[in-house]
There are 2 protein chains.
Amino acid sequence: MAKRLAIGDLARQTGTKVNTIRFYEDIGLLPEALRTASGRRSYEASDVRRLAFIRHGRQLGFSIPEIRSLLALSDQPDRDCGEAAAIARAHLADIGIRIARLETLRSALTEVATSCEGGRAAECRVIEAIAGTELAGTGI
Amino acid sequence: MAKRLAIGDLARQTGTKVNTIRFYEDIGLLPEALRTASGRRSYEASDVRRLAFIRHGRQLGFSIPEIRSLLALSDQPDRDCGEAAAIARAHLADIGIRIARLETLRSALTEVATSCEGGRAAECRVIEAIAGTELAGTGI
DNA sequence: ATACAACCTCCAGTCACTGGAGGATCAAGA
DNA sequence: TCTTGATCCTCCAGTGACTGGAGGTTGTAT
């Protein structure tokens with residue numbers, strides 16, 4: 001039969017802490033794991049993919065409700081594909097905004113990081129640049 | 001004498017919530033405010049600048065410990081500012097990774113959205129599209 | 001004089017985890 | 001077989017960075 005993974009294996013394969021996996025199960029992001037006779041959680045490859053997806057999504061700054069809705073996309077039965085497309089489009093708009101914000105942030109930080117020539121903090125342009133940075137309206 | 005500001009004025013001038021200002025005082029990011037005879041906090045221009053610095057730093061994604069060390073640097077102008085530049089560079093690297101990931105997600109979702117729109121029983125395998133995405137060389 | 005906005009302190013809640021106590025179970029070596 | 005140490009279990013408390021609210025006081029405009 002297919003090889004099953006203990007929670008620690010799943011944790012190692014996805015770079016997630018064991019407690020976090022149990023937390024995701026608690027809040028319903030991961031389905032309730034099958035248990036061994038002794039009560040230990042037992043996983044398979046699809047759990048690795050789902051959890052990897054969740055972790056990527058979190059690293060990208062999506063909230064758990066947002067990830068829930070992204071996951072719903074692939075959980076959709078085929079007949080609801082139109083709805084899935086709508087969800088995907090809604091996220092696409094959001095992602096465009098996020099990318100734009102991060103690019104604004106990147107250029108601001110680039111200026112901040114490159115302007116320091118070393119030396120005394122009194123002349124440090126990093127601090128000046130942060131003091132003068134306006135990111136108003138970017139929603140960051 | 002110089003004009004003093006109430007906490008609400010400081011809040012408006014810096015786009016900060018009143019409770020957040022009190023919180024920053026609690027954790028020592030802002031010095032303990034002077035008080036009026038009736039016990040209300042009273043601020044001056046330097047507090048506006050310090051709080052603006054804190055808020056800008058937060059918008060740039062610096063943690064409170066990081067902001068604390070940036071503030072310490074500008075409070076002690078004789079120290080070396082290489083630390084400030086290092087903090088900024090670390091954030092730049094992180095932002096680069098996030099932008100790359102979001103762009104990957106964008107193209108995957110575009111694929112999902114367009115294939116679903118085709119009307120056929122599309123395969124909305126969002127998890128595989130994103131979970132399997134490896135960003136080589138990002139260290140994650 | 002009376003509203004009512006703004007202030008005060010203190011505390012609880014949010015989100016997304018993270019860590020630890022206290023106890024059971026498993027796998028490997030002596 | 002026994003023992004040791006890693007891993008697992010549940011449950012609960014703590015973190016970071018706020019946010020909001022209760023309950024009470026003060027300032028100001030009419």
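The sequence lines fix the lettering, A, B, ..., with proteins before strands; numbering per chain opens at 1. Note: hydrogens, waters and symmetry copies are ignored here, and every other heavy atom, side chains too, is used.
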> Between C:dC7, D:dA17, D:dC18, which nucleotide gets closest to the side-chain atoms of B:Pro65?
Replying inline: D:dA17
> Pick the nucleotide of DNA chain C nearest each of A:Phe62 and A:Thr36; which residue has the one closer to the 5' end?
Replying inline: A:Phe62
> A:Leu5 CG to C:dC26 P: how many Å, rounded?
Replying inline: 17 Å
> Base, sugar-phosphate alone, or nothing: which one does A:Tyr24 contact when heavy atoms must sit under 4.0 Å apart?
Replying inline: sugar-phosphate
> Does a side-chain N or O from A:Arg55 land closer than 4.0 Å to OP1 or OP2 of C:dC17, or not?
Replying inline: yes
>> What is the distance, to the nearest angstrom, from the CZ atom on B:Phe23 to the P atom on D:dA17?
In response: 7 Å
>> It should be established whether B:Arg22 places a side-chain nitrogen or oxygen under 4.0 Å from OP1 or OP2 of nucleotide C:dC8.
In response: yes
>> What is the distance, to the nearest angstrom, from the CZ atom on B:Arg40 to the P atom on C:dA5?
In response: 14 Å
> Are a donor atom and an acceptor atom from the side chains of B:Arg4 and B:Ser42 found within less than 3.5 Å of each other?
Replying inline: yes
> For B:Lys17 and D:dC18, is the shortest distance between a side-chain N/O and OP1 or OP2 below 4.0 Å?
Replying inline: no
>> Can you tell me if B:Ser38 touches the phosphate of D:dG27, counting only side-chain N or O atoms and a distance under 4.0 Å to OP1 or OP2?
In response: yes
> Nearest heavy-atom pair of B:Asp9 and B:Arg12: which atoms, and what distance?
Replying inline: OD1-NH2, 3.0 Å
> Atom CD of B:Glu25 and atom C1' of D:dC18: how far apart are they, to the nearest Å?
Replying inline: 16 Å
>> Any side-chain N or O of B:Arg58 below 4.0 angstrom from OP1/OP2 of D:dG16?
In response: no
> Heavy atoms under 4.0 Å, any strand shown: does A:Arg41 hit a base, just sugar-phosphate, or nothing?
Replying inline: sugar-phosphate
> Does B:Arg35 place a side-chain N or O at less than 4.0 Å from the phosphate oxygens OP1/OP2 of C:dT9?
Replying inline: yes
>> From CZ of A:Arg68 over to P of C:dC15, roughly how many Å is that when rounded to an integer?
In response: 11 Å
> Separation of B:Arg4 atom CZ from C:dC7 atom P, in whole Å?
Replying inline: 15 Å
> Roughly, in whole Å, what's the span from CG in B:Asn19 to C1' in C:dG13?
Replying inline: 13 Å
> NA contact type, B:Arg12, heavy-atom cut-off 4.0 Å: base, sugar-phosphate, or nothing?
Replying inline: nothing
> Donor-acceptor pair, B:Arg50 side chain versus B:Leu29 backbone, under 3.5 Å?
Replying inline: yes
> With side chains defined as the heavy atoms from C-beta onward, is the minimum distance between A:Asp47 and A:Leu5 less than 4.5 Å?
Replying inline: no
>> From CD1 of B:Ile21 over to C1' of C:dT9, roughly how many Å is that when rounded to an integer?
In response: 16 Å
> Hey, does the side chain of A:Ser69 reach the backbone of A:Pro65 with a donor-acceptor pair shorter than 3.5 angstrom?
Replying inline: no
> Which part of the nucleic acid does A:Ile27 contact within heavy-atom distance under 4.0 Å: base, sugar-phosphate only, or nothing?
Replying inline: nothing
